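First the structure, in the form of structure tokens, and then the observations on it.
The figures here come from the full heavy-atom set of this structure, side chains too, leaving out hydrogens, waters and symmetry mates. Order of the sequence lines fixes the chain letters, A, B, ..., with proteins taken first and strands second; residue numbering starts at 1 for each chain. None of the values given here were measured: they were computed from a predicted structure.
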Protein chains: 2
Amino acid sequence: MTPALAPALLPTPALGQRLRPHAAATPLTGCDGCPARALAVCQALADGELDAFGDIGDQQRFAPKETLFRQGDDADAVYTITSGMVRLYRLLSDGRRQILGFLLPGDFIGLAPDARYASTAEAVTPVGVCRFDAHAYAALAERKPHLLASLRRAAADELAAAQDHIVLLGRRSAEERVAAFLIALRGRLARRGGGAVTIALPMSRQDLADHLGLTIETVSRVISRLARERTLLVVPDGVRVLDAPRLQALAAA
Amino acid sequence: MTPALAPALLPTPALGQRLRPHAAATPLTGCDGCPARALAVCQALADGELDAFGDIGDQQRFAPKETLFRQGDDADAVYTITSGMVRLYRLLSDGRRQILGFLLPGDFIGLAPDARYASTAEAVTPVGVCRFDAHAYAALAERKPHLLASLRRAAADELAAAQDHIVLLGRRSAEERVAAFLIALRGRLARRGGGAVTIALPMSRQDLADHLGLTIETVSRVISRLARERTLLVVPDGVRVLDAPRLQALAAA
DNA sequence: TAGGCGCATTGACCCGGATCAAGGACGCGG
DNA sequence: CCGCGTCCTTGATCCGGGTCAATGCGCCTA
């Protein structure tokens with residue numbers, strides 16, 4: 001019933017790429033033209049130093065559902081997302097899945113480089129990354145204190161985000177989870193130059209459910225309810241926030 | 001019905017201190033006699049370097065329920081736990097509480113030193129800590145690469161633990177949560193020289209509930225059930241594992 | 001234009017764990 | 001020794017969200 005209301009009015013959410021399949025093509029130049037330049041860990045380096053950085057970095061693209069690496073693989077690389085969206089998840093032996101997070105341009109994977117990856121990383125949309133050999137990266141970090149400091153800040157952010165999510169999963173209702181997730185994603189998108197009204201949701205409802213510790217039906221029902229009471233408007237591949245204060249209130253704190 | 005079965009047969013769980021109230025007195029010497037010496041971040045430093053370390057460290061004790069710092073305070077110090085147990089938690093505005101973790105000797109607080117503490121730290125048992133001025137610590141870290149490396153390892157561990165907990169809260173049943181928590185705590189205690197059979201639980205059931213995203217009644221019921229079916233034996237301030245394989249199986253993966 | 005396929009939505013019902021409500025079991029102070 | 005407070009356990013009942021089962025709605029291919 002909702003989709004009828006919604007013409008395709010997504011103003012191409014500035015995610016650094018398109019959300020519809022098979023688009024996105026950042027020219028494979030060096031760091032200069034990198035859309036994540038201002039966001040990423042790399043910003044720690046002065047322009048001059050970027051050469052060393054670009055040298056060990058290797059630009060790659062992944063189509064939706066392609067895997068960057070798998071839980072259990074040995075962790076021989078770290079990544080910076082330059083465009084698109086990546087889901088990071090763990091599987092239990094019986095197939096239950098928990099999505100730890102959705103990564104956006106500028107996000108970094110490999111802050112905690114153990115011997116093996118503890119989770120799987122998979123492209124949600126077409127994805128561009130900068131891939132670094134783990135050893136070369138570690139060696140470079142050792143020589144660039146700015147980079148190290150930047151890594152520590154990123155680690156701090158990531159840990160804080162993980163703790164936020166622990167609170168969300170441990171002590172919040174379904175509606176609060178959805179609202180808090182949307183608010184948080186909106187903030188992350190906005191910081192990357194997206195608008196604060198339309199929130200891009202290129203991932204499936206199942207992905208949302210597996211991130212929020214709910215089922216697909218519950219996610220769908222909550223979103224439908226928020227749409228029915230005019231807090232949200234469901235649009236293709238996303239939602240529009242109609243009543244931001246109300247959504248904020250539901251996300252509580 | 002269970003307590004009758006349980007004489008006080010706790011062989012003084014080697015937590016580096018006693019679990020019963022009002023005991024514990026590590027002499028306030030330098031790092032040499034520190035019970036956490038081998039576990040902590042400090043192990044990164046050669047014996048000779050410990051002087052600089054001891055100089056900026058400040059040994060403190062806290063009685064049960066005393067707070068080390070509060071959510072929102074400005075983060076002017078980092079800590080290493082030397083004895084006892086600390087709970088780290090966040091409060092929601094309506095009073096709901098989520099315990100992020102229980103800290104043991106050798107654990108470090110302040111890997112992600114933001115401007116303000118994002119959570120409250122409170123002594124569960126009598127606690128000994130080594131307190132460092134945040135700035136002095138950061139300055140020292142800058143000069144000691146070993147220390148920095150050690151911090152990164154600790155940050156990696158902490159992030160991995162947080163992700164484990166996200167999976168636990170997002171995708172596991174009450175029984176699995178309790179079992180997984182007990183297995184994990186047993187491992188941590190064992191690594192600190194405790195036995196692998198008796199698991200010390202100095203925290204209240206409410207604490208467990210607030211850590212595992214459950215209610216006190218559910219925690220109590222699950223533990224009672226495990227005791228009834230001879231997987232556990234409830235003892236004062238802890239449990240004994242009678243059927244480790246079964247507990248392990250419940251913790252799944 | 002029809003059929004099929006993969007999501008998403010919606011409804012009906014069920015169940016795991018929350019809530020409400022008594023009791024125990026200790027420990028402590030008097 | 002009693003009375004009280006705190007924490008834990010247990011039972012009865014309720015309900016939020018899970019499960020099961022239809023549709024619905026593009027979107028793709030023929």
### Message
Ignoring hydrogens and geometry beyond distance, is the side chain of B:Arg221 in donor-acceptor contact with the base of C:dG16 at under 3.5 Å?
### Response
no
### Query
So, is A:Ser220 near the phosphate of C:dT9, with a side-chain N or O under 4.0 Å from OP1 or OP2?
yes
Check the distance between [N]'s [atom2] and [X]'s [atom1] and give it to me in whole angstrom.
| X | N | atom1 | atom2 | answer |
| --- | --- | --- | --- | --- |
| A:Ile223 | C:dC7 | CD1 | C1' | 13 Å |
| B:Arg171 | C:dG16 | CZ | P | 16 Å |
| B:Arg172 | D:dG18 | CZ | C1' | 19 Å |
| B:Glu217 | D:dA12 | CD | P | 15 Å |
| A:Arg228 | C:dT9 | CZ | C1' | 10 Å |
| B:Arg225 | C:dG16 | CZ | C1' | 10 Å |
| B:Asp237 | C:dC26 | CG | C1' | 12 Å |
| B:Leu201 | D:dT9 | CG | P | 11 Å |

Quick check: does any side chain N or O of [X] sit under 3.5 Å from a backbone N or O of [Y], one acting as donor and the other as acceptor?
| X | Y | value |
| --- | --- | --- |
| A:Arg87 | A:Asp207 | no |
| B:Arg171 | A:Arg97 | yes |
| B:Arg177 | B:Arg172 | yes |
| B:Arg116 | B:Gln71 | no |

### Message
So, using side-chain contact (heavy atoms from CB on, under 4.5 Å) as the criterion, who are the partners of B:Ile216 when residues are at least two apart?
### Response
B:Arg205, B:Gln206
### Query
When you look at CZ of B:Arg96, are more than 12 heavy atoms from neighbouring residues, nucleotides or ligands closer to it than 6.0 Å?
yes
### Query
Parallel under 30°, tilted from 30 to 60°, perpendicular over 60°: which one fits the rings of A:His211 and A:Phe102?
perpendicular
### Task
Would you jot down, in residue-number order, the residues of residues 203-215 of chain B having a non-hydrogen atom under 4.0 Å from DNA chain D?
B:Ser204, B:Arg205
### Query
In Å and rounded to the nearest 0.5 Å, what is the SG to CD distance from B:Cys130 to B:Gln59?
5.0 Å
### Task
Can you see which heavy atom on B:Gly84 is nearest to which on B:Ile81, and at what distance?
O-CG2, 4.1 Å
### Query
Given that A:Lys65 and B:Ser173 both sit by DNA chain C, which one's nearest nucleotide is further toward the 5' end?
A:Lys65
#### Entry: Degree of bending, the helix from C:dT1-D:dA30 to C:dG30-D:dC1 (end axes from five pairs; round to 10°)
30°
